[in-house]
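Predicted model, so just to flag it, every value in this text is computed and none were measured.
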Amino acid sequence: LGDALLAYIPVKQDHLQSAYQKAIDQYHQLDIAQIAVTSKTLAQKVLTKAQHAPGNFAALAKQYSQDTATSGSGGEVGFVGRSQVVSLVGSAAKAKVGSVVLAHTSCEWIVLHIISRKITPIAQATDQLKSAIFAAQAASLLSKAITAEESKLGVHVNPRYGHWDPKSQAVVASKSAISSTG
């Protein structure tokens, strides 16, 4: 209900763009596979083989990768946020789907296969972005809407159950004349 109330609140495009960029890994992801090796020479050899026959990437990962977590699955890592790939391979993260690129970390060389991209355009993410931008206001808007409906409908509570407290927006039990201690 809070999200529905937010739908009517206008938001500036630059605020949406800022929230989108802050959460870019949620909206722009790459499906990748990797082959991790410790030698640059071996990395170059595997890169050349993978670039000439990308369809053999899984077999190459099983044969050469020293990453035990992914080698058994043909190097498959799965979908990761774009910024993670950019931090690893820089502008090569913008490479076409199907590309095979080389990256270097402090302790290993990684042959990276970009399998696919999943991009959610800002227009499709607007509702989620507005929810994030107005998260603090959503509870307040919901509270105001409930209070307005309660007033408009004239909510009444059977006195046997207590009374309606508009501040807490809850039924407050009445003190009973019958003691529970007997």
Name the one of His113, Gln51, Glu76 that satisfies side-chain contact (heavy atoms from CB on, under 4.5 Å) with Phe57? His113
About how many Å separate [atom2] of [Y] and [atom1] of [X], when rounded to the nearest 0.5 Å?
X      : Y      : atom1 : atom2 : value
His104 : Lys40  : NE2   : NZ    : 8.5 Å
Ser83  : Gln21  : OG    : CD    : 10.5 Å
Lys49  : Ile35  : NZ    : CD1   : 10.0 Å
Ile32  : Ile114 : CD1   : CD1   : 8.0 Å
Arg82  : Ile24  : CZ    : CD1   : 5.0 Å

Min side-chain heavy-atom separation [X]-[Y] under 4.5 Å:
X      : Y      : value
Tyr27  : Leu129 : yes
His28  : Lys118 : no
Val111 : Val100 : yes
Ile122 : Leu16  : yes
Pro121 : Gln124 : yes

Counting N and O atoms only, with roles assigned by atom type, does the side chain of [X] sit under 3.5 Å from a partner on the main chain of [Y], one being a donor and the other an acceptor?
X      : Y      : value
Ser131 : Asp127 : yes
Ser65  : Lys62  : no
Gln34  : Ala36  : no
His52  : Thr48  : yes

Is there a side chain to side chain contact (heavy atoms under 4.5 Å, CB included) between Trp109 and Leu47? Walk through the geometry before answering. CA-CA 10 Å; Trp109 291 87; Leu47 175 67; over 6 Å; no
Given the rule in the side chain to side chain contact (heavy atoms under 4.5 Å, CB included) test, do Val37 and Ile110 qualify, once you have shown the distances and angles that lead to the verdict? CA-CA 6 Å; Val37 297; Ile110 300 172; over 6 Å; no
Examine Val89 and Val77 and state if one hydrophobic cluster contains both, with Ile, Leu, Val, Met, Phe, Trp and Tyr joined whenever side-chain heavy atoms are less than 4.5 Å apart. yes
With side chain to side chain contact (heavy atoms under 4.5 Å, CB included) as the test, would you mind laying out the steps for Leu30 and Phe79 before giving the verdict? CA-CA 5 Å; Leu30 293 107; Phe79 281 96; 5.9 Å; no
Do Asp25 and Gln84 pair up side chain to side chain, a donor and an acceptor below 3.5 Å, judged on atom types alone? no
Could you walk me through whether Lys45 and Tyr64 pass the side chain to side chain contact (heavy atoms under 4.5 Å, CB included) check? CA-CA 10 Å; Lys45 176 182 171 183; Tyr64 293 105; 3.7 Å; yes
